[in-house]
A.B. asks: 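What follows is a structure written as structure tokens; I'll ask about it next.
Along the sequence shown, residues are numbered consecutively beginning with 1. Not measured: the values here are computed from a predicted model.
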Amino acid sequence: GDRWFVPGIAQILTRLGAWVEDGRPLLSVISVGDLGRLIAALAVRGTRPGAGGAVLHAAHPEPVSVRALASAVARDAGFDLPSTSLGYDEAVALAAERGLTERHIDLAGHDHYYDATRIWRETGLRVPPPAFAP
């Protein structure tokens, strides 16, 4: 049901026609079911004294590569995976010509993941197996 993130990655790869950095950059992801479990557990837990201001990143603790994410959803999302790769600077140079911005290239070409171990520890929930194979 994701309407922004995964379709955005698909659009970037499709328009660019290439992986950025061979699809190696890592991303934080979470399934909607796991997100719901975390929110419910936090609501049940309530606020503990001294817990104010804590940042809890709601994601699976194991980041996923752009390549693994795109490969896992390409079939269902109806897009073809690139067969070539560009370095980050090469992709930025080509971006405007392909209707993309440097922000698009950044999303597919740099790591965007966060340490999510604290939220799983705080809620006491079992961490599920990774949704996407590396």
A.B. asks: Taking the side chain from R15 and the backbone from L100, do they hold a donor-acceptor pair closer than 3.5 Å?
C.D. replies: no
A.B. asks: What are the two closest non-hydrogen atoms of A70 and L13, and how far apart are they?
C.D. replies: CB-CD1, 3.6 Å
A.B. asks: Checking one residue: L26. Which other hydrophobic residues are in its cluster under the side-chain 4.5 Å linking rule?
C.D. replies: Y113
A.B. asks: If a pair satisfies ring pair (Phe, Tyr, Trp, His ring centres under 6.0 Å) and one of its residues is in residues 80-112, list it, with sequence neighbours excluded.
C.D. replies: Y88-H110
A.B. asks: List in chain and number order the residues that pass salt bridge (charged side-chain N to carboxylate O under 4.0 Å, His left out) with R103, two or more places apart in sequence or in another chain; answer none if no residue qualifies.
C.D. replies: D106
A.B. asks: Looking at residues at least two apart in the chain, or sitting in another chain, which of them share a side chain to side chain donor-acceptor pair (under 3.5 Å) with R121?
C.D. replies: none
A.B. asks: So which atom in D111 and which in P25 form the shortest heavy-atom distance, rounded to 0.1 Å?
C.D. replies: OD1-CA, 3.2 Å
A.B. asks: Test of understanding: with side-chain contact (heavy atoms from CB on, under 4.5 Å), list the residues that count as partners of T14, not counting sequence neighbours.
C.D. replies: F79
A.B. asks: According to the salt bridge (Lys or Arg N to Asp or Glu O under 4.0 Å) rule, which pairs have a member within residues 70-97, sequence neighbours left out?
C.D. replies: none
A.B. asks: What's the shortest heavy-atom distance between H57 and D115, and which atoms?
C.D. replies: CD2-O, 3.5 Å
A.B. asks: Applying side-chain contact (heavy atoms from CB on, under 4.5 Å), name anything that partners A91, two or more places apart in sequence or on another chain.
C.D. replies: L16, V20, L86, I105
A.B. asks: For a quick test of reading the model, state the closest non-hydrogen atom pair linking I30 to A58 and the distance between them.
C.D. replies: CG2-O, 3.7 Å
A.B. asks: Which residue pairs pass the ring pair (Phe, Tyr, Trp, His ring centres under 6.0 Å) test with at least one member in residues 10-42, sequence neighbours excluded?
C.D. replies: none
A.B. asks: Taking all non-hydrogen atoms of both residues into account, name the closest pair between T84 and G17 and its distance.
C.D. replies: OG1-O, 3.5 Å
A.B. asks: Flag the pair V127 / H60 as yes when at least one side-chain heavy-atom distance between them is below 4.5 Å, and no otherwise.
C.D. replies: yes
A.B. asks: I'd like a table of donor-acceptor pairs (distance under 3.5 Å, sequence neighbours excluded) in which one partner is a side-chain atom from residues 34-44, with atom names and distances.
C.D. replies:
from: D34; atom 1: OD1; to: R37; atom 2: NH1; distance (Å): 2.8
from: D34; atom 1: OD2; to: S31; atom 2: OG; distance (Å): 3.2
from: R37; atom 1: NH2; to: R126; atom 2: O; distance (Å): 3.2

A.B. asks: In terms of hydrophobic clustering (I, L, V, M, F, W, Y; side-chain heavy atoms under 4.5 Å; direct or indirect links), are Y114 and V64 co-clustered?
C.D. replies: no
A.B. asks: Salt bridge (charged side-chain N to carboxylate O under 4.0 Å, His left out) with D22: which residues, sequence neighbours excluded?
C.D. replies: R24, R67
